[in-house]
Amino acid sequence: MDKYVLSIDQGTTSTRAVLFDREGRLAGLAQHEHRQSFPRPGWVEHDAAQIWRNTARVLREALADAGLQQEQVAAIGIANQRETCLLWDRATGEPQSPAIVWQDTRTEQYVEELLEDPGEEFFRARCGIPPATYFTAPKLRWLLERSPSLRERGERGDVIFGTMESWLIWNLTGGADGGVHVTDVTNASRTMLMNLRDVAWDAELLSFFGIPEPMLPEIVPSGGVSWPARVVLPGVPIAGVLGDQQAALFGQTCFDAGEAKCTYGTGAFLLLNTGAEVVRSDRGMLTTVAYQVGDGPASYALEGSIAVAGSLVQWFRDRLGLIRTAPEIETLARTVEDNGGCYVVPAFAGLFAPYWRPEARGIIAGLTSYVTKGHLARAVLEATAWQTLDVVDAMNADSGIPLQQLKVDGGMTADNLLMQSIADILDVPVVRPMVSETVSLGSAYMAGLTVGYWPDLQGLRRNWHRAGQWNPGMESGERERQHIMWRAAVERTLNWPHGE
Amino acid sequence: MFAGSGAGCFLEHTAYDAGVPGSVQSIERAASVLRVLSAAGGPQQLGCVAETLGLAKSTTHGILRTLVGVGFVEHQAESGSYRLSGAMAHLAPETIDVNELRSRAMNWVDALAARTRLGCRLVVLESGPAAAVGHAVVAHEVFSWHDGRQVLDVGAPVPLHATASGKVLLAFDPRGDEILQRVPLEQLTFRTRTERRQLGVDVGAVRQNGYAVEQSESQVGVAALAAPVRSLGGITVAALAVSGPVEQVVDTVGRPRTRLLGQLVDVAAAVSRAVCADRA
């Protein structure tokens with residue numbers, strides 16, 4: 001009987017189970033969305049119990065979709081939305097809090113205080129990341145501050161904490177009945193509680209945030225270890241765990257220093273593998289763990305996140321009504337030859353990497369009576385390309401390894417004009433792999449490696465096939481001229497006055 | 001997912017009847033009949049309309065009779081042909097934005113390319129006020145596993161008379177007959193069809209079989225298979241093609257390799273479903 005690897009992709013809006021064959025090709029898929037809850041402005045929550053139920057469902061449905069038996073599943077890999085976290089009761093298995101999502105900004109005030117005192121450097125020196133509402137520790141502290149009884153029970157280890165992969169592994173391995181409580185290094189590296197070089201919980205950070213140690217999961221490598229599932233697919237080893245962006249980096253076979261991928265979706269995430277070196281960024285990139293296999297040294301990465309990419313197209317569609325569907329942005333953009341001199345900087349909620357200017361707001365600059373909606377559409381697409389360049393330039397300077405080519409994935413890779421713009425503006429070839437499900441593939445690869453379903457990294461590289469490529473075609477003088485214009489536009493978004 | 005229809009009956013065109021849950025299928029089909037008559041320009045025979053939409057003649061006859069009954073279509077008793085009544089004279093043709101098509105089809109076409117290891121393309125007839133009638137272009141392309149090329153051919157013109165995708169469009173696009181009479185027949189290889197009558201025979205076979213085969217007609221040593229991608233009610237909006245070295249695509253007597261054809265037809269059906277989904 002043919003064997004397959006099953007990957008769980010627990011994302012922000014839905015949970016998917018995806019089956020892959022030995023050549024890394026998709027063999028089955030099932031997906032269920034879960035509720036997004038916004039109890040107050042800036043608050044975003046998920047129901048962890050619903051997510052667990054959905055996970056169990058999609059596991060069964062994916063097997064049914066592919067017509068496979070449980071015995072044919074060689075291993076389970078997990079990729080998850082990072083930073084989202086919750087508390088639950090060890091004895092009953094019931095969540096004791098909603099899952100607070102990475103997008104949630106309830107900790108904004110506290111984060112600003114941290115940036116004042118003790119300041120960014122205190123944290124970056126230990127865990128590699130600066131205080132931001134994204135990360136887990138401020139959320140966890142918020143939960144414990146609200147409820148002294150939760151803190152007490154946490155100190156006794158009766159209430160435990162985890163990000164989404166911890167929650168799923170705990171439930172899959174038996175839950176209240178012997179569930180394993182672990183977190184993988186890539187997820188731990190987003191908590192602000194893990195020492196980046198030691199790859200272990202940092203006592204000083206734990207004490208600073210007031211987190212009781214008994215609540216914490218054990219930090220484990222992304223691969224090389226496994227635990228047998230005890231429910232849903234009893235006996236099948238859970239053998240690979242990665243945060244979603246790191247999973248995409250792995251799925252794109254970026255195994256060596258200097259290899260990078262960018263995922264283009266609502267936002268965009270660019271990760272550059274920096275090998276065994278912890279590269280500190282002075283230009284607003286995040287230093288994070290790429291993956292760790294068994295006892296081997298951790299591989300690190302620089303991460304640059306662009307908040308607004310595909311969401312700018314959605315805004316153009318839903319708020320301006322100038323296109324009916326998102327892909328039509330390309331149709332409209334192709335009605336003109338260039339951007340007509342206009343530039344869009346979508347600083348909708350401030351500027352992210354590499355600027356990190358929360359006060360900035362969006363701008364459309366360079367307008368003359370010549371500009372049409374076609375030029376605006378072009379500028380909308382180019383905004384994603386210019387933001388990518390800003391991140392790449394910062395990373396090249398931080399790491400000293402110039403980017404040779406960019407591997408891309410995500411929904412926006414269907415837009416040929418966007419891909420060509422990125423190649424033109426970055427001045428490197430852009431390549432798209434044949435499997436667009438790189439997040440699921442990455443966790444499947446890690447799990448498959450652990451159980452020997454795939455022999456080694458070289459074997460995985462052989463599965464990577466180029467589906468499309470775009471080569472740089474913009475004349476360098478033109479690129480420089482436009483780059484000056486882009487930077488002028490970005491500058492005009494800064495110091496936006498906030499009267500409220 | 002890729003169960004494959006094998007050498008099954010490709011005349012069973014209900015495979016393409018994606019439909020939308022909650023919609024009335026007969027109305028979707030009636031709308032397509034109206035669009036076909038609109039695009040055709042002149043009166044059409046029952047058989048022609050049926051073949052264009054991939055419906056059985058009896059089904060099409062029932063729809064036409066009902067449309068005549070409600071006054072949308074006129075039937076000419078002597079010639080037996082049908083045309084739109086005055087009321088419906090200005091119906092717009094069914095098109096899908098090419099970038100929307102690519103966005104919906106991409107995952108499926110990628111999967112076909114991964115599974116077959118051959119190059120895959122979606123080809124469409126250009127539409128819109130500025131488009132020349134009968135000009136086909138590549139809407140989406142995925143490299144084959146062994147492709148050494150550096151650049152995609154998206155946007156490049158496709159010769160209708162010399163490619164499998166071109167023949168699918170000639171066979172099933174509502175304007176196909178009109179285009180067939182006008183398409184330039186440039187000789188690209190020794191096997192290219194340069195006689196219009198011969199091309200007409202090929203197109204007739206495509207209508208019968210539901211797919212097209214081409215061998216060394218546009219490039220010596222390269223063969224291709226193509227199948228139609230259909231929108232709501234059965235209107236063909238694109239052709240999906242796989243191509244590669246002759247021996248990988250056809251057998252020694254020029255028939256399509258069964259497994260490959262099955263995979264192509266399955267994916268064309270899947271892309272058709274994706275195209276029909278949620279066309280609000």
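Below, read A as the first sequence line, B as the second, and so on, with proteins coming before strands; counting in each chain starts at 1. Predicted, not measured: the structure shown is a model, and the values here were computed from it.
Within the 4.5 Å cutoff, the side chain of A/Gln469 has no heavy atoms near those of the B/Val151 side chain. In this structure, the side chains of B/Arg115 and A/Asp21 come closer than 4.5 Å at one or more pairs of heavy atoms.
Taken from CG in A/Asn416 to CD in B/Glu141, the straight-line distance is 10.0 Å, to the nearest 0.5 Å. Distance check, rounded to the nearest 0.5 Å: CH2 of B/Trp145 to CZ of A/Arg466 gives 13.5 Å. Note: A/Leu26 CG to B/Asn107 CG = 8.0 Å, rounded to the nearest 0.5 Å.
Other residues, nucleotides and ligands place more than 12 heavy atoms under 6.0 Å from the CZ atom of B/Arg149.
With respect to the salt-bridge test (charged N to carboxylate O, under 4.0 angstrom), the residues B/Arg102 and A/Glu330 qualify. A salt bridge links B/Asp110 to A/Arg432: at least one charged side-chain nitrogen sits closer than 4.0 Å to a carboxylate oxygen. Under a 4.0 Å N-O distance rule, the pair A/Glu23/B/Arg117 qualifies as a salt bridge.
Heavy-atom minimum distance, B/Ser103 versus A/Ala414: CA-CB, 3.9 Å. Looking at every heavy atom in both residues, A/Arg25 comes nearest to B/Ala114 through NH1-O, 3.3 Å.
Only the side chain of A/Asn471 comes within contact range of chain B, with heavy atoms under 4.5 Å apart.
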